[in-house]
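Take a look at the structure below.
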Amino acid sequence: MLAVLLGAVLAGITVGPAGIGPGQVINELLGAGLAGRPSTLSSIQQAIIWEIRLPRVALGGLVGGLLSLAGASYQGVFRNPLADPYLLGVAAGGGLGATVVIALVPGAGSSLLPLAAFVGASVAVALTYAVGRSMGGRSAVSLILAGVAVAAFFTAVQTYILQRNADTIRQVYSWILGLLATTGWREVLVLVPYAVVCGAGLVLHRRLLDVMSVGDEEVDSLGISALRVRTTVVVLATLATAAAVAVSGLIGFVGIVIPHTIRLLVGVSYRSLIPISAVAGAAFLILADLAARTVASPAELPIGVITAFVGAPFFMVVLRTSRRYVA
Amino acid sequence: MRGKHLLQLLLAALLLVAGACGGETQDTTTQPETTAAPTSPTTQATTTTAATTTTASPTTTAAEPTTTAAPTTTEAPTTTTTVAPTTSTTEAPAFPVTVAGVVIPERPAAIVSLSPTATEMLFAVGAGDQVIAVDEFSNYPPEAPVTELSGFRPNLEAIAAYGPDLVVMSGNPEEIASGLEALGIPVLIHEAALSLDDAYRQMRQTGAATGHSGAAEQLVASIQDEIAGLVDRYADPGLGLTFYHEISDTFFSATSSTFIGTVYGLFGLENIADAADPDGYGYPQLSAEYILEADPDIIFYGCAIWCGTSADSISERPGWDELQAVRNGYLFEVDDDISSRWGPRLIEFVRLIGQTLQTLSEAG
């Protein structure tokens with residue numbers, strides 16, 4: 001899987017609307033970048049590689065990794081193969097949080113957005129979980145239905161705010177569309193701390209998720225509070241989703257497509273599922289962004305279109321094969 | 001006036017109910033029209049052709065005679081406030097007029113504009129006194145009576161409550177025109193202009209529909225004259241300068257097939273967005289990589305108000321400090337509102353480009 005990621009990274013850096021050959025790019029990266037030899041490219045070509053493609057690949061990798069990591073963790077903690085940052089309403093909540101900040105706090109910096117998105121996302125996931133439980137315990141369907149309802153409500157509130165604040169529509173829309181188009185190193189740096197904390201935290205909990213898949217009692221029998229494990233994992237996964245959503249906009253289906261594919265490949269154990277999902281999610285989004293940049297080149301497609309295009313049909317197949325969980 | 005108000009509201013409600021019950025509302029157009037405007041003997045059946053209004057260019061020539069029929073409008077186009085109410089009686093014989101397929105029975109005294117461009121045109125041709133309400137985005141001229149009305153999601157009842165005798169709007173969002181016409185309110189629809197000629201035609205239509213044909217003609221002539229002068233002075237295709245016009249900070253641009261692009265085309269500038277729009281949609285979103293590789297000589301940024309774009313923020317974008325335009329400081333702000341409207345202030349847009357080219361040629 002690491003080889004796939006490496007391949008995706010290389011493809012992400014070498015392919016793009018600007019006609020720079022793969023050889024030139026590798027020479028630039030290894031020769032000029034690592035060995036410090038003088039560059040053979042023009043200053044514009046250098047800028048394209050170092051300031052545009054590299055940060056985009058880095059951000060795509062981080063966002064994809066965080067989203068699928070969060071998806072896998074939600075699935076473990078809710079014992080529900082359909083749990084996904086989007087289906088649980090997390091993304092809609094994050095979107096509302098960010099919209100409120102954009103609309104009501106003029107000139108809010110991009111560093112405030114992840115925090116606002118986190119607050120909105122936390123409220124949404126708490127609401128989804130509470131409503132889902134009250135509807136009938138652990139049924140997968142009730143949780144998903146609750147998530148749909150919560151997401152619809154949050155989206156409605158967001159639309160209302162946008163209607164009342166016509167002048168912020170443009171800013172919010174360009175954010176919602178899920179574009180990595182304007183990405184630079186600054187966005188990457190904003191995301192790195194969240195990625196490190198959430199990534200490390202969730203990976204450290206992977207064994208407990210395995211135990212939890214058997215039952216809460218098993219976790220408690222280890223002398224660890226199942227409630228605390230569950231809360232910690234949900235908080236970390238929500239923070240991961242919110243941070244990703246805040247810098248990249250709404251990118252759907254990564255959190256459900258990737259963990260499911262990996263589950264089919266390596267089995268259901270969270271010990272391997274969690275880290276491999278993160279790596280695979282990173283590779284997937286880097287490739288999706290590559291497609292977004294090149295399919296309609298030199299114009300740009302929203303990356304959310306690409307992920308949904310691949311993800312939605314996939315999700316239907318998953319629904320079909322996972323009937324035994326749902327029923 | 002209030003009675004008319006109530007009557008129209010009542011009719012609107014009735015028609016809505018009738019529509020909901022599956023009744024064909026189209027044929028009933030003439031009925032409210034005669035009640036709302038009893039002095040119109042020539043209510044032709046052409047009022048409902050909302051979709052075809054813009055392409056019906058022959059009708060503008062049909063409306064031309066109103067120019068000669070109303071020689072009383074001898075004021076300069078800018079002296080809007082001096083148009084005394086008495087002129088309406090002297091211009092009255094010009095009505096009814098048919099403008100772009102829409103019959104306007106008498107000189108409108110209560111105009112609602114749902115389009116910022118239309119609002120600017122109305123005031124520029126001297127019909128400002130007749131305008132009673134404009135949509136929320138019509139922020140120019142300052143004396144325009146701005147309301148909460150929305151031009152994007154128009155609300156039939158809210159518009160009808162003003163009791164207008166003419167509604168001017170951009171496009172036909174939510175098919176609102178048929179609802180207004182069912183109330184007997186003539187609707188003049190301006191589609192987004194694709195060329196300068198579109199803009200001039202709409203200015204003339206605005207003049208003809210409001211009883212200010214002469215002023216509209218003068219307005220068009222003065223804009224044409226000034227543009228010709230500016231182009232004569234500054235256009236130099238030999239320079240071969242390339243430019244990037246930024247509509248939003250997510251790199252949406254406008255190609256030469258759009259109204260914005262047409263204006264740049266007057267000066268022989270080469271648009272880097274053209275290559276990015278093979279389907280001719282007109283407003284492609286470019287990638288940063290593409291813009292960097294195209295390396296335009298000049299950047300016009302048209303989202304200073306709405307996106308907060310500035311020369312500094314452009315220079316700080318990753319990699320953009322390598323661009324010729326940034327290195328030379330050839331970053332020019334285009335007022336969002338002016339570049340996105342094809343009204344009388346279009347001349348300011350043209351002037352800005354002319355002045356920019358002058359600055360560049362002086363800089364060598």
Side-chain angles (χ1 to χ4, degrees), chain A residues 13 15-20 41-56 59 102 106-108 159 162-188 249 289-290 292-302, chain B residues 135-137 139 148-153 155 244 246-253 255 272-296 302-303 305-309 313-314 316-327 336-337 340:
Chain A
I13 301 170
V15 183
I20 309 175
L41 298 176
S42 73
S43 58
I44 294 251
Q45 287 173 320
Q46 289 178 45
I48 287 175
I49 290 174
W50 294 105
E51 303 293 329
I52 307 250
R53 287 188 189 171
L54 269 179
R56 262 184 97 141
L59 197 74
I102 291 175
T159 309
L162 288 179
Q163 285 281 327
R164 301 301 301 171
N165 299 273
D167 48 338
T168 58
I169 284 184
R170 209 188 287 225
Q171 204 187 343
V172 173
Y173 265 123
S174 60
W175 173 84
I176 286 176
L177 278 173
L179 285 163
L180 300 182
T182 55
T183 296
W185 287 113
R186 204 168 54 91
E187 285 80 3
V188 176
D289 181 48
L290 179 62
R293 275 186 291 155
T294 51
V295 166
S297 169
E300 182 126 0
L301 280 179
Chain B
D135 75 291
E136 55 185 340
F137 289 114
N139 52 9
E148 298 269 290
L149 289 177
S150 168
F152 294 111
R153 302 227 167 129
N155 182 319
Y244 160 56
E246 178 169 297
I247 292 177
S248 80
D249 54 2
T250 46
F251 313 147
F252 276 95
S253 190
T255 69
I272 68 157
D274 285 353
D277 185 35
D279 306 328
Y281 159 66
Y283 299 95
Q285 182 177 31
L286 308 177
S287 63
E289 195 172 308
Y290 175 80
I291 298 166
L292 283 192
E293 201 183 37
D295 196 11
C303 202
I305 302 169
W306 293 91
C307 315
T309 307
S313 74
I314 290 177
E316 284 165 10
R317 287 174 186 167
W320 286 49
D321 52 348
E322 296 294 334
L323 290 175
Q324 286 302 324
V326 175
R327 286 183 165 179
D336 312 18
D337 288 342
S340 61

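So you know, we letter chains A, B, ... as the sequences are listed, proteins then strands, and number each from 1. Just so it is clear, the values below take in all heavy atoms, side chains as well, and ignore hydrogens, waters and symmetry mates. On a predicted model such as this, the values are computed, not experimentally measured, just so you know.
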- Task: Indicate the atoms forming the closest heavy-atom contact of Gly184(A) with Pro318(B), along with that distance.
- Result: CA-CG, 3.5 Å

- So, for Leu292(B) and Ile44(A), which heavy atoms are closest and what is the spacing to 0.1 Å? O-CG2, 3.1 Å

- Results of salt bridge (charged side-chain N to carboxylate O under 4.0 Å, His left out) for Asp274(B) - residues two or more places apart only: none

- Task: Could you tell me which portion of Ile291(B) (side chain, backbone, both or neither) has an atom closer than 4.5 angstrom to a non-hydrogen atom of chain A?
- Result: neither

- Query: Above 12 or not: heavy atoms from other molecules or residues under 6.0 Å from CZ of Phe152(B)?
  - Reply: no

- Spatial distance of atom CD1 (Ile48(A)) from atom OH (Tyr290(B)) [nearest 0.5 Å]: 11.5 Å

- Atom pair CD/CG of Glu51(A) and Asp321(B) - distance to nearest 0.5 Å: 7.0 Å

- Query: Can you tell which of Glu322(B), Arg317(B), Glu289(B) has the highest number of heavy-atom pairs within less than 4.5 Å of chain A?
  - Reply: Glu289(B)

